[in-house]
Each structure stands twice: as structure tokens, then as C-alpha cells.
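Structure, as C-alpha cells:
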2 protein chains.
Amino acid sequence: MKLPTHFISCDWGTTNFRLRLVTTDNLEILAEQTVGEGVKALFLARPDSSSAERERYLATYLAERIRALPGAAEHPVVISGMASSNIGLRELPYATLPLTLDHPDLEWEALTLPDNRPAVLISGVRDALDVMRGEETQALGLAGGLAGYDRGVLLLPGTHSKHLQYETGAFTAFTTYLTGELFALLTEHSLLRQAICKPPGGAFRAEAFQEGVRAAVDQGLTARLFTVRARQLLSHSDPTDNFFFLSGLLIGDELRSLHRPGSQVFLAAGEPFLTLYRLALEEIVGLACIHCFSEPALDAALLAGQRTMLAAYVNG
Amino acid sequence: MKLPTHFISCDWGTTNFRLRLVTTDNLEILAEQTVGEGVKALFLARPDSSSAERERYLATYLAERIRALPGAAEHPVVISGMASSNIGLRELPYATLPLTLDHPDLEWEALTLPDNRPAVLISGVRDALDVMRGEETQALGLAGGLAGYDRGVLLLPGTHSKHLQYETGAFTAFTTYLTGELFALLTEHSLLRQAICKPPGGAFRAEAFQEGVRAAVDQGLTARLFTVRARQLLSHSDPTDNFFFLSGLLIGDELRSLHRPGSQVFLAAGEPFLTLYRLALEEIVGLACIHCFSEPALDAALLAGQRTMLAAYVNG
């Protein structure tokens, strides 16, 4: 069957909500609406409702938001993120790995919104020890960039970074790292905060950052964390340098498992993550093994993944 | 020269202050006084004073506290901990490693308090990347227990755990781990806290703890941290189990570097650390390589170390 000419992309996370009207073939964005309120706030507003009541409430909320999107017409909506979790629109089971990219077998369900609009709700993915919701759709949209390689790791840095193992046409495993969250906890709440100052502008201290990366690669994060404080006590180091030294320690520790001969790493990140992760990867896997997605490919990744799932819905 | 029959032990940390009147030969404690206010509070009360003013102020404070200790007479006082830091009584340079145990070359300085009482102020120790103040005196007091061994590691667990490398009669290097602080940050402030419940009583879940230790040994802390949350989402794990699983992850990660053939580990800890660290060490180095200090030896460690420094003062 033919794909519709347009679809509405819904990125419904824990703490944010974004709708975009998209031209299906070139993924051009014709209209956009962002609300700083995700499923969590809506769930907390009615914590005692049954799952059926919550689905009605969130489906009505979604239909109303779409009505306010110029040009939404009767186009279908494709929904990814925490909307399929136990605090979202409808809880769906996780898809299990491997995720074959030729025939993407993500879990999804067809719904009809109160305005009779067709909707596709995409579920998350699990493996034995980990879960994700949202990143799997983005990864699916980036799959084209990995197609020419036998194996590698796709990195999606962030507050909770994801490493997806790619092997002969499929994502086979993944790991979540709390790197960004640990950085915030340590700089705001730990003893180390006394030795750290966040730079006021966009100042970047590459040398201190790389020093942190090398320290983590050599000895691991936990054996070197206190060094941040000791640098201040022993050599009166610049607190801004320490900010980047700690960032290097955390990112270096996250990436050290990638230090394998011939490991290919695919990095999908906007700034500031792109600069930091690329620099750290240069230390760990070397320039020749790093592949960065272009900005347009990265921007379109979620939409491309949603289009793939829209096709699965239309054909299946 | 002969040691005095008694001395006053002063353990002056960042957030606490403890005086004990001690019989020198058997380290019997004849009187004790504890104040929940360390150098930090005293420093913050007069942040703008010069170092000479601060020394006068803290020396007077110390002399007054000693006057309130029954039987203090004219016995000398030996002071260890943060009192020798830049917010303490007098800032002393750090001693550098190796610390030979036959002739302990800790840095110390003789002072005279306002009541004309002789005082010995013990400094901290540094190596290239780390610092400690207080633990070095405790380690010195434990040195007798290591004397029969060629090499090993002395563990002093706590909010900031210390690992001291011991080799043929000397401490040669050490590393600080923020294990206890990280545990508090993660259970109180991170996303993981949703999956964790601190047990109300003294309940201990050895199996979940050991599972955490093994996970850290196999893959490292950061690759398995999110597992705490995933366990809840995927298998509705008991939040109390998760409390101990996280504790196992953190302690297992701290100790994994000890996994070397024939590594001898000397553990000096009270409860709850003794149980946790011993169990983790059983997984990592095996029962035959773990040496735990007896409770009396552990209790007397700081006093024994201070007595050694008192002897250095009397003879030096």
C-alpha cells in the first residue's frame, strides 16, 4: 500500500511533548509545536485513574494538541517515546533484540484517536538487562548510515547515553550509561563541587578534558574521581579545568569498553556532545574508526524511524 | 627518652572533634569527650581571620576543651586529622610516600597550647594524585598487623574509602574511592532512587549484594548502573534488593582492581562495612587472601598511630 503524503510526528517523552507535521517523502517539517510537559506531568495530574481512563484522557489531550497544529488535516500520527510506558497513553510490551533493520520488528499498536485519526504507537526495546523508549526509533532512522559496515557501535550520547551494538544488519544488544546524570550529581552535590566551576560562556578546555579521558582509560572512573579534588589541593588547579577534567573522566570511562581493535563507532550527537565525544573517541579508538552522522541525518533520524514504522503499519 | 605515662588523643576532623585521655602503654581510654563540630564549623565562624588569628583561636578552643576532660593534668596532646589542613589549627605540608613503618616519617610539628601544654600536630600524606589526613595515623597504628607479609593492600572503607599499597615494610601508594558518597548521591538524588528502598531495620540481602558485586567485576560500575532501574521495570525487583544490588555494584567496582593473583588484602572496618567488604572480597580475591583486623586492634588503631608519633616527638 502507498504511504500517506504527510504524517504527524509525535515525540512524547517523560518531560516534553513535540508534534511536527512532516512531508513523508523528504521529511520536510511544515509545522511544529512543543510543550514542556511530558507524560509524567499528565500522569501525576491523575495518578489514581485506571489505565482505560488514562488512555481516554491522554488520547483526548493528543487530539486537541493536533487540532492546534496548522495543516494537521486527517494525516495519521506516529508516536514514540514514553507514551507507550506504564505512565503513558497505553502500555505496550518491549520489543526484544535483535532488531533486524530490513524488517524492523519493533512492537507497535494501531489506535484511533477521539477525532477518528489513525495513530501508530511505537513501543520500547529491552534486552536482558536494559530498556529504552524513544532511542530505538531514532536508531532505526540512522540505520541507513550503518548499512555498509559489518559491525560497530552506534552511540547516542545524552543524560542517559545509549550504546547499540550493530552486527550484519541488526541491532543485537545495547547498554545505557548514566554519564550525563552522574556529571550533574557530582558537580552539584558531591564533595568535588568545591573544586569545580562551570565556565560562564562557551569556554572549552580541551587539554583538561583529554587528561580526564586518559585518566579514565588508564585506571577507570572510580579510582580517579577524587583526583578532581586532589588537583585543587595539590596544584591549585583552575576550577574550570576541573569541570572539563571531570567531564573527560566520565565520558572516557563510558567509552573505554570501545577500545577494541578495528571497532567502528558511529556517533550521533548535536553540540556540545559531538565535540566532547569525538575528542574522547580520538583518544580511545582513533580517528579512522569514528563515523559522525551529518547534521541533517541526525535531525531527521527520529522522523525517518517513525516513517519506517508508518510503513510497517500501512503494510501490515 | 621515656614516653609520658599518659597522653591526650585528639581526633579533629572536618565535622567532628574527639578527645580521649589514654594510658600510653596499653592504650586504655580513661576519659572521653566528643563534640559534633569539627574544624569546618570553627573555620566558617571566622572565615576572614588570618592564619595566626585562627591558630590562636583554635588553640584556645582546644585548651578549653582539654581543661574539661577529667584527669587531663599536664599530659601532652597528639592531634591528627583536618587540624593540620588549611582550615585547621596550623597548615602543615603533606608527608610524601613511601612511609617507612620502622621509622615513620610523617610530617609533624610541636606546638605549645595557651595553657603551656605540649602538643604534637600530625600532618596528612600525599602521593602524586591523592591526599589524606587522618587515615595515615590509623594506618600507622595498624602496621604491626601487616609486618609478617611482603606486600598487600590495606583497606579503610568509609564515605571516602582508602586503599593503601603495602610493600616490604612501607606504604608506597594509595587511592581514595568516593564509594560511600556515590551511594548516597545515587540513592537520594538520581533516577535510580525510584527503584530503591532503604531497609527499615538491619535487614541484609546477601544474594542481591553479591549479584551486584559480580556485575561490577564482570562489566564495571558505569555499564551496569542503569540495571538497577531496569531490574525494576523488567522483573519488578524488590526495592530493598535493589538497595543492596547497588551497594554491591559500587563496592565491587571499588575492589575489582584487587583481583590479582596472590593479592593479600587487609581489611580494617567496623559494621556495616566489615560485612559488606568481606563478602565482596570473598568474590574477588577469595577467602584465603583476606585478613581482618580484630575489633580491639581496629579500635586502638588511631591511638596506636598517635603513640608512635608521640615517640617520634619525644625522641626527635
Side-chain angles (χ1 to χ4, degrees), chain A residues 14 85-86 91 93-94 96 124 126-133 159-163 174-182 184-193 215-216 218-236 249-257, chain B residues 14 85-86 91 93-94 96 124 126-133 159-163 174-182 184-193 215-216 218-236 249-257:
Chain A
T14 305
S85 78
N86 64 351
E91 187 176 7
Y94 294 97
T96 52
R126 61 167 289 180
D127 73 0
L129 297 167
D130 218 322
V131 296
M132 61 167 114
R133 281 196 198 271
T159 306
H160 298 155
S161 285
K162 305 283 176 189
H163 293 198
F174 66 95
T175 305
T176 300
Y177 292 84
L178 299 183
T179 308
E181 185 170 351
L182 277 177
L185 284 176
L186 290 166
T187 52
E188 287 162 26
H189 296 289
S190 82
L191 168 85
L192 305 182
R193 74 182 188 283
D218 288 348
Q219 295 175 271
L221 173 69
T222 48
R224 294 300 300 277
L225 214 38
F226 191 70
T227 307
V228 176
R229 175 85 172 124
R231 282 162 57 99
Q232 184 195 35
L233 293 170
L234 295 176
S235 50
H236 306 287
L249 267 184
L250 284 160
I251 292 175
D253 187 78
E254 176 191 326
L255 301 178
R256 67 202 287 239
S257 66
Chain B
T14 306
S85 76
N86 64 350
E91 187 175 7
Y94 294 98
T96 51
R126 61 167 290 179
D127 74 359
L129 297 167
D130 218 323
V131 296
M132 62 168 114
R133 280 196 199 271
T159 306
H160 297 157
S161 285
K162 304 282 176 190
H163 293 199
F174 67 95
T175 305
T176 300
Y177 291 83
L178 299 183
T179 308
E181 185 170 352
L182 276 177
L185 284 176
L186 290 166
T187 52
E188 287 162 26
H189 296 289
S190 82
L191 168 86
L192 306 181
R193 74 182 188 282
D218 288 348
Q219 295 176 270
L221 173 69
T222 48
R224 294 299 300 277
L225 214 39
F226 191 70
T227 307
V228 177
R229 175 83 172 126
R231 281 162 57 99
Q232 184 195 36
L233 294 170
L234 295 175
S235 51
H236 305 287
L249 267 185
L250 284 160
I251 292 175
D253 187 78
E254 177 191 326
L255 301 178
R256 67 202 288 240
S257 67

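Throughout, protein chains are lettered first and strands after them, A, B, ... in sequence-line order, and every chain is numbered starting at 1.
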Contact origin within [X] toward chain A - heavy atom pairs under 4.5 Å:
X: B:Ala184; result: neither
X: B:Leu250; result: neither
X: B:Leu221; result: side chain
X: B:Ser190; result: both

So which of [options] has the largest heavy-atom pair count under 4.5 angstrom toward chain B?
options: A:Leu178, A:Thr175, A:Leu192; result: A:Leu178
options: A:Ala230, A:Ala223, A:Ala215; result: A:Ala223
options: A:Asp253, A:Val131, A:Thr222; result: A:Thr222
options: A:Thr179, A:Thr176, A:Thr159; result: A:Thr176

Checklist entry - Does B:Ser85 have any side-chain hydrogen bond (donor to acceptor under 3.5 Å, both in side chains) partners at least two apart in sequence or in another chain, and if so, which? => result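 Residues passing side-chain hydrogen bond (donor to acceptor under 3.5 Å, both in side chains) with B:Ser85: none at all.
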Checklist entry - Ring centroid separation for A:His163 and A:Phe174, is it under 6.0 angstrom? => result no
Item to check | Pairs touching residues 226-236 of chain A that satisfy salt bridge (charged side-chain N to carboxylate O under 4.0 Å, His left out), sequence neighbours left out | outcome: A:Glu211-A:Arg231
Item to check | Test side chain to side chain contact (heavy atoms under 4.5 Å, CB included) applied to B:Lys162 and B:Met132, step by step | outcome: CA-CA 9 Å; B:Lys162 304 282 176 190; B:Met132 62 168 114; 3.8 Å; yes
Checklist entry - Has A:Arg133 got its NZ or CZ under 6.0 Å from the middle of the six-membered ring of A:Tyr94, at an angle within 45 degrees of the ring axis? => result yes
Item to check | Minimal non-hydrogen separation, A:Gln219 against A:Arg256, with atom names | outcome: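 Nearest heavy atoms, A:Gln219 then A:Arg256: C-NH2, 4.0 Å.
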